Structures are given as structure tokens and as C-alpha cells.
Chemist: 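Sharing a structure, written as C-alpha cells. Questions coming.
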Amino acid sequence: MSNFNHIETALIHGGIDGDAQTGAVNVPIYQTSTYRQAGLGENTGWEYSRTGNPTRAALEALIAELEGGTAGFAFASGMAATSTVLSLFNKGDRIIISSNVYGGTFRVLDKVFKNFGISYSIEDTTDLESLDKKIAPDVKALFVESPANPLLTVTDLAGVAAIAKKHGILTIVDNTFMTPYLQRPLELGADIVVHSATKYLGGHSDLVAGLAVVKDKGLAERLAFTQNATGAVLGPFDSFLLIRGIKTLGVRLDRHVENAERIARYLQNHEAVKNVYYPGLSTAQGYEINKRQAKNGGAMISFELHEGYDIKKFFKSLHLISLAESLGGVESLVCHPATMTHASIPKDIREKVGITDGLIRLSVGIEKVDDLITDLNAAIVAATPAARN
Ligand SMILES: *Cc1c(COP(=O)(O)O)cnc(C)c1O
């Protein structure tokens with residue numbers, strides 16, 4: 001659906017390319033809330049920046065083109081994008097979410113939308129046969145992620161979308177971990193794609209933003225109305241930063257993934273490592289499905305050290321790789337899902353779904369991979385039980 005044959009080029013020239021008025025190669029930052037009207041009922045097409053702003057519009061056109069949709073929408077955060085999409089539903093509607101959906105998506109459904117009469121249920125979306133049977137008349141959408149946090153669980157997106165279509169309901173995909181450079185859910189049959197653009201799309205850990213893209217014109221009109229009505233829009237400066245980040249998405253991700261593939265193999269062969277979760281390894285759950293629907297395994301890796309390794313020492317002994325929430329920036333980050341991203345889940349449930357106290361999540365950056373491996377190696381050595389030293 002893009003005007004370009006190759007996404008690498010669309011990343012740089014897609015949407016609105018530069019400024020027609022001056023020839024500036026970058027879209028200007030229209031830092032304005034309002035627009036002068038020549039007379040009553042005579043405007044330039046721009047009236048008020050919650051409704052529309054040229055810098056934000058350029059970003060929205062760009063993400064729509066990259067995802068192969070008809071309309072894009074930019075929000076103040078990934079959660080603002082998700083919440084606005086969820087606002088399309090009505091009292092009495094139910095949404096099925098996958099069991100490993102982003103914690104914030106679960107929280108907003110459980111603590112906010114539930115109070116407005118929009119309910120949810122949690123299902124294992126990797127099991128299509130069972131998912132199909134769970135769709136009662138009140139279910140109006142399936143909300144999935146692939147690969148999903150923190151075990152990089154792969155869901156068959158085309159399979160899920162086909163089930164939704166059969167029942168006349170919507171498929172919503174959170175494509176944060178892959179981005180349109182690696183995976184395009186609308187082309188696989190999904191209706192709505194949401195992003196935390198805070199992650200790979202921005203790519204430099206310097207902004208918080210969200211995006212949504214739809215294919216259907218009617219859905220686009222409803223989402224445009226809801227975006228303006230609820231108002232969680234992205235500002236002009238952050239829109240500019242995000243356009244700037246997206247230009248280098250291709251080269252960044254090529255390096256992210258190259259590094260991740262090397263590190264996944266390094267971890268897989270390390271005697272200290274019990275499990276490696278990375279969709280790019282042929283031994284991974286959903287490897288074949290991921291290969292079919294995405295360009296590669298992405299750059300998020302989770303792994304588990306054997307019992308006895310001192311996880312606190314491991315984190316303390318990393319020098320290059322920072323312990324931090326978030327992911328997708330040029331710098332490598334690690335986190336401890338059990339006490340950070342998934343701390344709100346009771347321990348017994350956590351352990352059952354594989355989020356053990358020894359689990360480590362790594363967002364592989366674009367540093368020289370040898371330096372990353374040196375850092376990981378030193379931290380593993382420092383964490384080794386005394387008996388093995
Ligand atoms: C971070 C994240 C979100 C939420 O995005 P924010 O920009 O932090 O609001 C949603 N989904 C996934 C998969 C994420 O990683």
C-alpha cells in the first residue's frame with residue numbers, strides 16, 4: 001500500500017516528505033495551538049492542534065504508510081493509543097486479551113475500562129482452536145501481541161485475525177516489539193495496530209509516544225473522532241522527534257537484530273544459562289510461525305540462569321548494560337521481570353507462566369556486540385555460585 005517499493009526508503013521519504021513551502025528536507029515543528037482564519041467559515045484546513053497539527057499529521061501519514069493502513073494517529077504515549085482504541089467499545093462489550101499482554105494494557109482494562117462496563121478475559125492466544133471456542137456474542141475484539149513479554153511468546157497473527165473475521169469482531173495487535181520494519185499485522189488481516197513508539201520507533205530513549213493505525217475507512221473516522229474527543233494527542237516537538245527516529249529504524253534494527261542473534265547463540269551455549277527465549281532461535285516456541293509472519297526474531301531476548309546463580313550480583317556487575325525499564329533504544333538495557341515489569345503478578349502465578357526469579361530480559365542495543373558479550377560474561381562470572389568458582 002506504500003508509495004515505495006521498499007520499506008527502507010519509505011522510512012525516510014514516506015508520509016509527508018519535507019516542507020513544500022521552503023524546500024526544507026525536514027517537516028517543520030509547527031509549535032502552534034491555533035490557526036488564523038481569514039473569515040467566518042474560511043480556514044486553511046487547520047483549526048486547532050488537538051484536532052490536527054501539520055507536524056503530527058506528517059507522522060500520522062508516515063506510520064499509516066509504513067503499516068499499510070489508511071490512517072494513522074499519534075498519541076502522548078503507547079497507553080494513550082491503547083486507551084483511545086479501547087474507547088471505541090461500549091458498555092457490555094468484552095475484549096479477549098492474550099495471557100502475556102503488556103501489563104499496562106491489562107491494568108487499564110482491569111482498573112479503568114471495567115468500571116465503564118467494558119469487560120475482558122484472558123486467554124492463551126497461541127492455542128487457536130481453544131481461542132475460537134471462547135468467542136461468545138459479547139466478545140467484540142481480540143487484543144494480542146507477538147512476540148509477547150517477557151518470554152517472547154509467538155502468536156499466529158493471521159490465524160487470530162481469521163478467527164476474529166469469522167466471528168465478525170476486531171483484531172487489535174500491539175506491534176511494539178517488531179515495528180512495521182519486521183512485521184505488518186494489517187497485511188496479516190488485523191484491523192488495528194497500536195504501538196508504544198517510546199520503544200524502537202523513537203529508538204533513542206528520549207521520548208514517550210504512542211501510535212495507532214487502521215485499514216478500514218469507517219474505523220478511521222471513528223478513531224479520529226475519539227482521538228479529538230478524548231484528546232491525548234502527541235505534541236509537535238515529540239512528533240518531529242519521532243519522525244526523526246523512524247528515519248533510521250531500518251539501519252538500527254538491522255544492527256539490533258544482528259547483535260541479538262549473536263547474543264542469543266552465545267547465551268544458548270553458556271553453561272550458566274538454563275533457558276534462552278528468543279524467537280530467532282530454531283529451538284524457540286513459535287519459531288516457524290514467527291518466520292512466516294515476521295522478517296526475523298527481533299532484538300528482545302529473555303534468559304534464565306541456573307539455580308544458585310546470584311541474580312543481584314549479576315545485575316550489579318554489569319557496567320555497559322543498564323538496569324532499567326523500557327526497551328528498544330540504541331543502548332542495551334536489562335530488566336528483572338519478577339521484581340520490575342511483572343511485580344504485580346503473584347509469585348505462584350508468575351512461576352507457573354515461566355517468569356521465575358532467575359529470568360532476565362535483555363533489550364539488545366546497537367553497541368559493538370563483542371563489548372556486550374564481554375559485559376554479560378563478566379556479570380555471569382561474578383554471579384557464579386562459590387562452589388563452581
Ligand atoms: C511500553 C509498552 C507499552 C506502553 O507504552 P508507553 O509508551 O509506555 O505508554 C505498550 N505495549 C508494549 C508492548 C510496551 O512495551
Side-chain angles (χ1 to χ4, degrees), residues 59 63 67 72-87 95 97-113 120 122 125 142-155 157 172-183 185 190 192-213 227 230-235 238-239 241-242 245-246 249 253 256 277 279 290 294 297-302 324-329 333-337 340-345 355 361-365:
L59 168 65
I63 192 63
E67 286 285 6
F73 303 90
F75 299 93
S77 69
M79 282 319 302
T82 293
S83 299
T84 307
V85 165
L86 293 175
S87 304
I95 294 158
I97 57 176
S98 48
S99 43
N100 39 36
V101 82
Y102 177 72
T105 302
F106 164 74
R107 183 174 55 193
V108 80
L109 278 163
D110 187 55
K111 297 283 189 283
V112 180
F113 285 94
Y120 69 90
I122 302 172
T125 56
L142 307 178
F143 193 118
V144 297
E145 279 170 49
S146 184
N149 230 338
L151 300 180
L152 288 314
T153 317
V154 172
T155 284
L157 297 178
I172 306 164
V173 178
D174 182 335
N175 201 26
T176 300
F177 274 30
M178 289 314 235
T179 83
Y181 185 66
L182 301 183
Q183 174 172 279
I192 304 176
V193 166
V194 293
H195 280 285
S196 171
T198 311
K199 317 293 168 55
Y200 289 104
L201 290 171
H204 297 75
S205 304
D206 57 4
L207 89 149
V208 172
L211 297 167
V213 185
Q227 181 193 37
T230 56
V233 294
L234 191 64
D238 282 348
S239 296
L241 266 187
L242 188 46
I246 289 172
L249 181 69
L253 267 175
H256 276 293
Y277 302 93
N290 187 70
M300 294 299 300
I301 300 174
S302 287
E325 306 251 1
S326 202
L327 58 107
L333 301 177
V334 269
C335 88
H336 185 227
M340 294 168 75
T341 51
H342 293 69
S344 60
I345 306 172
I355 307 168
R361 189 188 78 178
L362 176 62
S363 169
V364 180

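From a predicted model like this one, the values you see are computed outputs, not experimental measurements. Just the heavy atoms: all of them, side chains too, but no hydrogens, waters or symmetry mates, feed the values below. Both ligands and their constituent atoms are indexed starting at 1 by order of listing.
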Chemist: When Val173 is tested against each of Thr155, Leu157, Val194 for side chain to side chain contact (heavy atoms under 4.5 Å, CB included), which residue passes?
Modeler: Leu157

Chemist: Give a yes or no on whether the backbone of Gly328 and the side-chain of Ser363 come within a donor-acceptor separation of less than 3.5 Å.
Modeler: yes

Chemist: Determine whether a donor-acceptor pair (N or O, by modelled atom type, separation under 3.5 Å) exists between the side chain of Gln183 and the backbone of Asn175.
Modeler: no

Chemist: Taking Gly298's backbone N and O only, do any of them form a donor-acceptor pair with His256's side chain (distance below 3.5 Å, no angle check)?
Modeler: no

Chemist: Mind checking what makes side-chain hydrogen bond (donor to acceptor under 3.5 Å, both in side chains) contact with Asp238, not counting sequence neighbours?
Modeler: none

Chemist: Just by modelled atom types, is the Pro147 backbone N or O under 3.5 Å from a matching donor or acceptor in the Asn290 side chain?
Modeler: no

Chemist: Quick one: table the atom pairs, ligand 1 N or O against protein N or O, below 3.5 Å, distance rounded to 0.1 Å.
Modeler:
from, atom 1, to, atom 2, distance (Å)
ligand 1, 5 (O), Ser196, OG, 2.9
ligand 1, 7 (O), Gly78, N, 2.9
ligand 1, 7 (O), Ser196, OG, 2.8
ligand 1, 7 (O), Thr198, OG1, 2.7
ligand 1, 9 (O), Gly78, N, 3.1
ligand 1, 9 (O), Met79, N, 2.9
ligand 1, 11 (N), Asp174, OD2, 2.6
ligand 1, 15 (O), Lys199, NZ, 2.7

